[in-house]
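Because the structure is a prediction, the values reported are computed rather than measured. Each chain gets a letter, A, B and so on, in the order the sequences are listed, and its residues count up from 1.
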There are 2 protein chains.
Amino acid sequence: MLSHDDALALDAADPLAGWRDEFIIPDPDLVYLDGNSLGRTPRRTIHRLHDVMATEWADDLILSWGRWVDLPTRVGDRLAPVIGASPGEVVVHDSTTVNLYQLVHAAIALRPQRRTIVVESTDFPTDRYVVDGIAKSLGLTVRDWGEGLDDDVAVVVRSVIDYRSAAMADVAGDTSHARDHGALVVWDLSHAAGAVDIDLHACGVELAVGCTYKFLNGGPGAPAFTYVSSDLHATIEQPIWGWFAQADMFEMGATFTPQTDMRRFLLGTPGILGLVAADEGIGITADAGIAAIAAKGRHLTDVLLTLCDDLGLDTITPRDPLRRGLHVAVRHPDARRLVPLLAREHKVVTDFRAPDVIRLGCSPLTTRFIDVYTGATTIAAVAAQSLS
Amino acid sequence: MLSHDDALALDAADPLAGWRDEFIIPDPDLVYLDGNSLGRTPRRTIHRLHDVMATEWADDLILSWGRWVDLPTRVGDRLAPVIGASPGEVVVHDSTTVNLYQLVHAAIALRPQRRTIVVESTDFPTDRYVVDGIAKSLGLTVRDWGEGLDDDVAVVVRSVIDYRSAAMADVAGDTSHARDHGALVVWDLSHAAGAVDIDLHACGVELAVGCTYKFLNGGPGAPAFTYVSSDLHATIEQPIWGWFAQADMFEMGATFTPQTDMRRFLLGTPGILGLVAADEGIGITADAGIAAIAAKGRHLTDVLLTLCDDLGLDTITPRDPLRRGLHVAVRHPDARRLVPLLAREHKVVTDFRAPDVIRLGCSPLTTRFIDVYTGATTIAAVAAQSLS
């Protein structure tokens, strides 16, 4: 089994180790394996927010809107290479829920004769609920992905990385399969962006959303993103018509005439404090390079899965490093009680996912191999005690 | 005409003058009459944001969600008395556009047999566009408020304060008039909240939205709010089903079962940085007291309107102080050019509203009578030059 010293040696050899200094780590002994729910705080973010508040807002006041107004597209352009999109195909705004609602509606409008939406019955709540709400309002049928596709399917909603098991979907294959049936796919990249080296263009992805507060370190409740392949920009329409999507918005014209580019997915006035925090988090990932981040992520989760095996912890995360994200799901009948106990008494922060999963996230820019080692061994010891 | 010394004397006698120290005012000579588009920066906000980033986020990480998760309702409860609502009737979240979209859909669902939405053709773009988008998707008719109501009207969307002229609607009368026709009204309080002493309960208002970045000093693009009278909580449903509206959200259940209170209007993960900034801005208004703020606002705009008259500036803002908000609209054929010129060369910041309005906002906690005096006399001098 991997030893404490082996873990330290892996950290010493880690080419990304220096990036940890970009983040505030008040307690180096805290084992934070929850980077997939909330990434750590970049130092740059504190400075940028202070600058935005004390200079841009306080000094320049309303005049700062000149530099703020295109932040959703500028931050989107920064995110684009991280997910294999081109500049002009991504905007950062609102929340995953709202953005998913927009894109599912937009996809249905592109397939007006079709009456079925497909979603995975085990997908993240917001994704399933949004689909159910849209289906109810439009009188459509919701079908489980497991039941297969047919030519009545307008749109499929799928997560790239399963929020519980970390299993990665076959993004290219499933997109192509849906296209064979004439259906569009909206991919949710929430657990994928900044974690795995996904190439949306290479996979033929046309529509995607995702959050920026997990592996992209954008801060609590940071704004989400919307991606639409440039091929669709001319024809796609979204349902919530707000002034930030309007061409010549400050003319305040009588009728809604949306922008002809990704700005047509914007809604109301964007929250600037959240956007600049997202910008800094995304910037660190872009600067460090997603290929190196994803490679370290595979290595971290390899080590963690092997440790779990050696320690007798039951995992449900795929073994193929190219078919999983950067968290590991440990099943334990007492998970609901163990997760807060681990945080409170053992300084190991994970999260609980009902009914029985302890989820351990490895965030390559801040998680060390020694964290993985300490986390796994502590969990195994506490879990064994719990069953004894 | 009011003199420079008269203005200084009014400031000296102003019981709210001390509140200006709660804000960062880097340049006391800047005449900022754009508080209605972006309120100034509260000192508390800088401290709170720093604390949230450096302590709650960086130190406590994911565990801070225990205190963040109910921020939309806690900040809403703080806002409630400012607008004459009860605790539990207001949530702060998302944007005015999204919240308006939700409430208009929710109102239509409560009047399923009716096929008409009424909006004012001169209302703020987002309000008109949102209504047009909903009407298009549901196959409903949009009618102008000026054309009157009938029993086919499901919902009326109105602004309490007109964004151009500052005219205040007869909120109680119009709500009652709509009710006589069986219609619901969604009021937009964006230019009213924190500016005028509106009492939603006394006016019989059932549905309202508004922003917090103007008179509430919540910061650039701060989250908006949704108000729903408690009478409607049991029956009202919104169209965007996200996990923050779900009862027992962390159980991540199979079907959407919304909260039975205002949390049913929440959507995705709320942006915490924006929310705490809104909290501080709203808190200052709540602490200073809306009655005192509104009284000073009426006085400031009285002085400003009288100065405009004396200086020969053409205004379109109502003279009755109880029938207007806290901005004054000056019409000038050269307004589009004058607004940036005034900011750049004369340190008088206003904003332009197409086609010919210079809008001057008086924000009682930060705008002094001397600002009003200097602003009006400068604008008159520059405007006269422009026409000569």
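A:His47 NE2 to B:Met53 CE: the interatomic distance, rounded to the nearest 0.5 Å, is 9.5 Å. Atom CH2 of B:Trp57 sits about 11.5 Å away from atom CZ of A:Arg40, to the nearest 0.5 Å. Here B:Thr126 contributes atom OG1 and A:Trp241 contributes atom CH2; the two are 12.5 Å apart, rounded to the nearest 0.5 Å. In this structure, CG in B:Asp60 is found 11.0 Å from CG in A:Asp27, a value given to the nearest 0.5 Å. To the nearest 0.5 Å, atoms CD1 (B:Ile46) and CG (A:Leu49) are separated by 9.5 Å.
Of all heavy-atom pairs between B:Tyr101 and A:Pro239, the closest is CE1-O, 3.6 Å. Of all the heavy atoms in A:Met252 and B:Tyr129, the pair that sits closest is C-OH, 3.8 Å.
Using a 4.5 Å cut-off between heavy atoms, B:Gln238 makes no contact with chain A at all. Of the atoms belonging to B:Leu30, it is side-chain heavy atoms, and not backbone ones, that fall under 4.5 Å from chain A. Only the side chain of B:Tyr213 has a heavy atom closer than 4.5 Å to any heavy atom of chain A. Contact of B:Thr96 with chain A is not made at all, since no heavy-atom distance falls under 4.5 Å. At a 4.5 Å heavy-atom cutoff, B:Glu56 makes no contact with chain A through either its backbone or its side chain. For a residue to count as touching a neighbouring chain, one of its non-hydrogen atoms must lie under 4.5 Å from one of that chain's; by this rule B:Pro223 does not touch chain A. For a residue to count as touching a neighbouring chain, one of its non-hydrogen atoms must lie under 4.5 Å from one of that chain's; by this rule B:Asp132 touches chain A with backbone and side chain alike. For a residue to count as touching a neighbouring chain, one of its non-hydrogen atoms must lie under 4.5 Å from one of that chain's; by this rule B:Arg128 touches chain A with the side chain only. For B:Ser95, the part lying near chain A is the side chain, with the backbone staying farther off; criterion is any non-hydrogen pair under 4.5 Å. Interface residue A:Thr45: backbone and side-chain heavy atoms are both found under 4.5 Å from chain B. Of the two parts of B:Asn217, only the backbone, made up of N, CA, C and O, holds a non-hydrogen atom closer than 4.5 Å to a non-hydrogen atom of chain A. Proximity to chain A (any heavy atom under 4.5 Å) is shown, for B:Ser121, by neither the backbone nor the side chain. Looking at A:Ser137, neither its backbone nor its side chain comes within 4.5 Å of chain B, counting heavy atoms on both sides.
The residue among B:His50, B:Met249, B:Lys136 with the most heavy atom pairs within less than 4.5 Å of chain A is B:Lys136. Contact count versus chain A (heavy atoms, under 4.5 Å) is highest, among B:Asp351, B:Asp34, B:Val131, for B:Asp34. Residue with the most contacts toward chain B among A:Ala245, A:Pro26, A:Ser64: A:Pro26 (heavy-atom pairs, distance under 4.5 Å). Contact count versus chain A (heavy atoms, under 4.5 Å) is highest, among B:Leu273, B:Leu61, B:Asp59, for B:Leu61. Each of A:Ala54, A:Gly271, A:Pro125, A:Pro220 has some count of heavy-atom pairs under 4.5 Å with chain B, and the biggest count is that of A:Pro220. Most heavy-atom pairs under 4.5 Å with chain B, from the set A:Gly253, A:Ala222, A:Gly274: that is A:Gly253. Across B:Gly268, B:Gly133, B:Gly242, the residue that shares the most heavy-atom pairs under 4.5 angstrom with chain A is B:Gly133.
Here the side chains of A:Trp243 and B:Phe124 are in contact, with some heavy-atom distance below 4.5 Å. Residues A:Trp68 and B:Leu38 have side chains in contact (heavy-atom distance under 4.5 Å, counting atoms from C-beta outward). The shortest side-chain heavy-atom distance between B:Ile62 and A:Tyr32 falls under the 4.5 Å cut-off.
Of residues 342-350 of chain B, those residues with a non-hydrogen atom less than 4.5 Å from any non-hydrogen atom of chain A are, in numerical order, B:Ala343, B:Val349.
With B:Thr97 as reference, A:Leu267 is the one residue of A:Asp94, A:Leu267, A:Thr269 to meet the side-chain contact (heavy atoms from CB on, under 4.5 Å) rule.
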